[in-house]
Amino acid sequence: MQGPSETPYDGGVFQLAFSVPEQYPLQPPQVRFLTKIFHPNVHFKTGEICLDILKNAWSPAWTLQSVCRAIIALMAHPEADSPLNCDSGNLLRSGDIRGYQSMARMYTRLAAMPKKG
């Protein structure tokens, strides 16, 4: 998945793991980041994503494509009030947007950008 433009993830390529249950589409897929990402709604070690449609707001009308779109939207608009990554969430909640963006850009460069050379 490409990092959304005009975000600290711009230029990054993020791998995700999808686990689709037999009961899909009645039950949501499990999705997690395989690429390390500094984001308040993604657990830094496990890649678990805190996104309502992957939990209690799931609807069989959602497709895997719409799940990807929702993840891209979450990358562009983090929800600091329900953090899985407290460091990232605390930066945003304290108003340190610059610090959050700097850390997110650094991890994007380290983990999600192709190595040159």
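We use all heavy atoms of the structure for the numbers below, so side chains are in, but hydrogens, waters and symmetry mates are not.
Taking CD1 of I72 as the start and NE2 of H77 as the end, the distance is 11.5 Å to the nearest 0.5 Å. For the atom pair CD1 (I53) and OG (S66), the distance works out to 6.0 Å, reported to the nearest 0.5 Å. Note that the CZ atom of F38 and the OH atom of Y100 stand 8.0 Å from one another [nearest 0.5 Å]. Separating the OG1 atom in T35 from the CG atom in L110 is a distance of 12.5 Å, to the nearest 0.5 Å. Annotation: the span from Q2 atom CD to C68 atom SG amounts to 12.5 Å, rounded to 0.5 Å. Taking CG of L91 as the start and CD1 of I97 as the end, the distance is 9.0 Å to the nearest 0.5 Å.
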| task | Could you please spell out the steps behind the side-chain contact (heavy atoms from CB on, under 4.5 Å) verdict for V67 and Q65? | result | CA-CA 5 Å; V67 168; Q65 184 179 26; over 6 Å; no
| message | Test side-chain contact (heavy atoms from CB on, under 4.5 Å) on K36 and F44; report intermediate values, then the result. | response | CA-CA 6 Å; K36 293 282 185 215; F44 189 74; 4.0 Å; yes
| request: Quick one: do E22 and Q27 satisfy side-chain contact (heavy atoms from CB on, under 4.5 Å)? Show the steps, please. | output: CA-CA 8 Å; E22 284 185 32; Q27 288 186 348; over 6 Å; no
| query | Can you check side-chain contact (heavy atoms from CB on, under 4.5 Å) on C50 and V42, steps first, answer last? | reply | CA-CA 6 Å; C50 181; V42 180; over 6 Å; no
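Cluster annotation: V20 and I49 are assigned to the same hydrophobic cluster (Ile/Leu/Val/Met/Phe/Trp/Tyr, side-chain heavy-atom contacts under 4.5 Å, transitive). Hydrophobic clustering (side-chain heavy atoms under 4.5 Å, transitive across Ile, Leu, Val, Met, Phe, Trp, Tyr) groups F18 together with W62.
Side-chain contact between V13 and M113 is absent, with no heavy atoms from C-beta onward closer than 4.5 Å. Residues V31 and I71 are in side-chain contact: their nearest non-hydrogen atoms beyond the backbone lie under 4.5 Å apart. The shortest side-chain heavy-atom distance between I37 and Y107 does not fall under the 4.5 Å cut-off. Within the 4.5 Å cutoff, the side chain of L84 has heavy atoms near those of the E48 side chain. At least one side-chain heavy atom of N41 sits less than 4.5 Å from a side-chain heavy atom of S82. A 4.5 Å side-chain heavy-atom check between S19 and R32 finds every atom pair outside the cut-off. Between H43 and N85 there is no side-chain heavy-atom pair separated by less than 4.5 Å.
Considering all non-hydrogen atoms of both residues, L54 and P29 come closest at CD2-O, 3.7 Å. Shortest non-hydrogen contact noted between G89 and A80 is O-CB, 3.9 Å. The two residues P78 and L92 come nearest to each other via the heavy atoms CG-CD1, 3.8 Å. In terms of heavy-atom proximity, L26 sits nearest to P60 at CD2-CG, 4.0 Å.
Note: H39 and Y9 have tilted aromatic rings, judged against thresholds of 30 and 60 degrees for the angle between ring planes. Aromatic ring pairs are classed by plane angle as parallel below 30°, tilted from 30° to 60° and perpendicular above 60°; the pair Y24 and W58 is tilted.
Within 6.0 Å of CD in Q101 there are more than 12 heavy atoms belonging to other residues, nucleotides or ligands. No more than 12 heavy-atom neighbours from other residues, nucleotides or ligands sit within 6.0 angstrom of CD on E6. Shown here is K45, whose NZ atom has no more than 12 heavy atoms of other residues, nucleotides or ligands within 6.0 Å.
Side-chain atoms of T108 come within 3.5 Å of backbone N or O of A104 as a donor-acceptor pair.
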